[in-house]
Amino acid sequence: MRVAISSTGTDIDSIVDERFGRARYFIIVDTETGEHETIDNEAYQLSGGAGAKTAQMIIEKGSEAVISSNIGPNAMDVMEKAGIKAYRAYNMSVKEAVDLFNKGLLQEILQPTSKGHHGGI
């Protein structure tokens with residue numbers, strides 16, 4: 001399964017970013033092989049719509065699940081329509097989050113965890 005994790009850095013030892021749409025990077029990990037790639041999130045600096053655009057990027061990269069700390073309503077809506085599940089991780093590395101995901105120990109995010117940003121003010 002390909003899982004996209006919001007990240008503060010470019011390698012697997014980076015910390016999971018608390019933000020989804022405003023995360024600077026995503027690391028997409030194949031949970032079966034451990035192979036991973038880093039993606040620049042070009043939507044992170046948009047004044048509005050970053051969450052939905054980021055969710056669309058994740059879908060286009062073939063991710064089947066997402067790990068982050070917080071997800072806004074627009075991103076959640078886009079991912080729900082695509083059948084992508086989201087899971088919560090705090091204060092840990094991307095690698096640790098993937099290990100917990102593989103063990104079934106991450107909490108699924110069933111509704112938006114933030115109000116999101118509308119217009120960037």
Side-chain angles (χ1 to χ4, degrees):
M1 173 183 281
R2 288 175 57 89
V3 179
I5 302 102
S6 60
S7 177
T8 59
T10 59
D11 64 69
I12 197 129
D13 292 318
S14 300
I15 300 298
V16 174
D17 198 315
E18 293 182 10
R19 304 161 299 174
F20 178 76
R22 304 283 172 192
R24 181 67 182 90
Y25 304 101
F26 276 83
I27 298 179
I28 299 179
V29 178
D30 184 319
T31 59
E32 294 176 17
T33 66
E35 292 181 21
H36 58 277
E37 64 177 309
T38 301
I39 305 227
D40 286 332
N41 180 17
E42 296 176 1
Y44 84 100
Q45 57 187 348
L46 292 176
S47 60
K53 187 157 178 87
T54 299
Q56 189 61 45
M57 175 191 72
I58 297 300
I59 293 166
E60 290 170 0
K61 293 293 182 180
S63 297
E64 300 168 81
V66 166
I67 299 173
S68 189
S69 299
N70 292 294
I71 298 178
N74 294 335
M76 197 77 190
D77 185 50
V78 171
M79 290 192 295
E80 282 178 352
K81 288 177 180 170
I84 294 177
K85 292 185 176 183
Y87 297 87
R88 179 174 275 172
Y90 288 107
N91 297 323
M92 66 181 73
S93 71
V94 169
K95 183 178 180 182
E96 290 169 324
V98 171
D99 287 343
L100 291 175
F101 175 82
N102 284 336
K103 293 175 182 173
L105 297 176
L106 291 183
Q107 177 187 11
E108 185 176 352
I109 299 173
L110 298 174
Q111 57 186 337
T113 58
S114 69
K115 294 179 181 177
H117 299 278
H118 303 283
I121 297 175

Whether over 12 other heavy atoms sit under 6.0 Å from Glu37 CD: yes
Cluster check Ile71, Ile39: I/L/V/M/F/W/Y, side chain < 4.5 angstrom: yes
Any residue meeting side-chain contact (heavy atoms from CB on, under 4.5 Å) with Gln111, in chain and number order, not counting sequence neighbours: none
Interatomic distance, Leu106 atom CG to Lys85 atom NZ [nearest 0.5 angstrom]: 13.5 Å
Per-pair distances, 0.1 Å, donor-acceptor, side chain in residues 58-68, under 3.5 Å, sequence neighbours excluded:
unit_1: Glu64; atom_1: OE2; unit_2: Arg2; atom_2: N; d: 3.1
unit_1: Ser68; atom_1: OG; unit_2: Ser6; atom_2: OG; d: 2.8
unit_1: Ser68; atom_1: OG; unit_2: Arg19; atom_2: O; d: 3.3

Heavy-atom pair of closest approach, residues Gly21 and Thr54: O-OG1, 3.4 Å
Whether Asp13 side chain and Lys95 backbone form a donor-acceptor pair below 3.5 Å: no
Shortest non-hydrogen contact between Ser7 and Ile27, atoms and distance: OG-CD1, 3.7 Å
Met79 with Ile28, same ILVMFWY side-chain cluster at under 4.5 Å: yes
Asp99 with Lys103: basic N within carboxylate O range, under 4.0 Å: no
Minimum side-chain heavy-atom gap Val94-His36 below 4.5 Å: no
Polar side-chain atom of Ser69 near backbone of Ala89 as donor-acceptor pair, under 3.5 Å: yes
From Arg88 atom CZ to Gln107 atom CD, the distance as rounded to the nearest 0.5 Å: 5.5 Å
Test item: Thr31 side-chain N/O and Met1 main-chain N/O as donor-acceptor pair under 3.5 Å: yes
Val3/Phe26 under side-chain contact (heavy atoms from CB on, under 4.5 Å): CA gap, chis, key distance, verdict: CA-CA 10 Å; Val3 179; Phe26 276 83; over 6 Å; no
side-chain contact (heavy atoms from CB on, under 4.5 Å) assessment of Met76 paired with Ile109: CA-CA 9 Å; Met76 197 77 190; Ile109 299 173; 4.0 Å; yes
Within one Ile-Leu-Val-Met-Phe-Trp-Tyr cluster: Val78 and Tyr87, side-chain cutoff 4.5 Å: no
Minimum heavy-atom distance Asp17-Arg24, with the two atoms named: OD2-N, 4.0 Å
Residues forming a ring pair (Phe, Tyr, Trp, His ring centres under 6.0 Å) with Tyr44, sequence neighbours excluded: none
Side-chain donor or acceptor of Asp30 paired with backbone N/O of Glu32 under 3.5 Å: yes
Which atom of Asp40 lies closest to which atom of Met57, heavy atoms considered: O-SD, 3.9 Å
Where Ser47 and Arg22 come nearest, the two heavy atoms and their spacing: O-NH2, 3.8 Å
Closest non-hydrogen atom pair, Val16 against Ser93: CG2-O, 3.9 Å
Co-membership, hydrophobic cluster, residues Phe20 and Tyr25, 4.5 Å side-chain: no
From CA spacing to verdict: side-chain contact (heavy atoms from CB on, under 4.5 Å), Ile5, Val98: CA-CA 8 Å; Ile5 302 102; Val98 171; 3.7 Å; yes
Under 3.5 Å: donor-acceptor pair, side chain of Asn41, backbone of Ala23: yes
Test side-chain contact (heavy atoms from CB on, under 4.5 Å) applied to Met92 and Leu100, step by step: CA-CA 10 Å; Met92 66 181 73; Leu100 291 175; 3.7 Å; yes
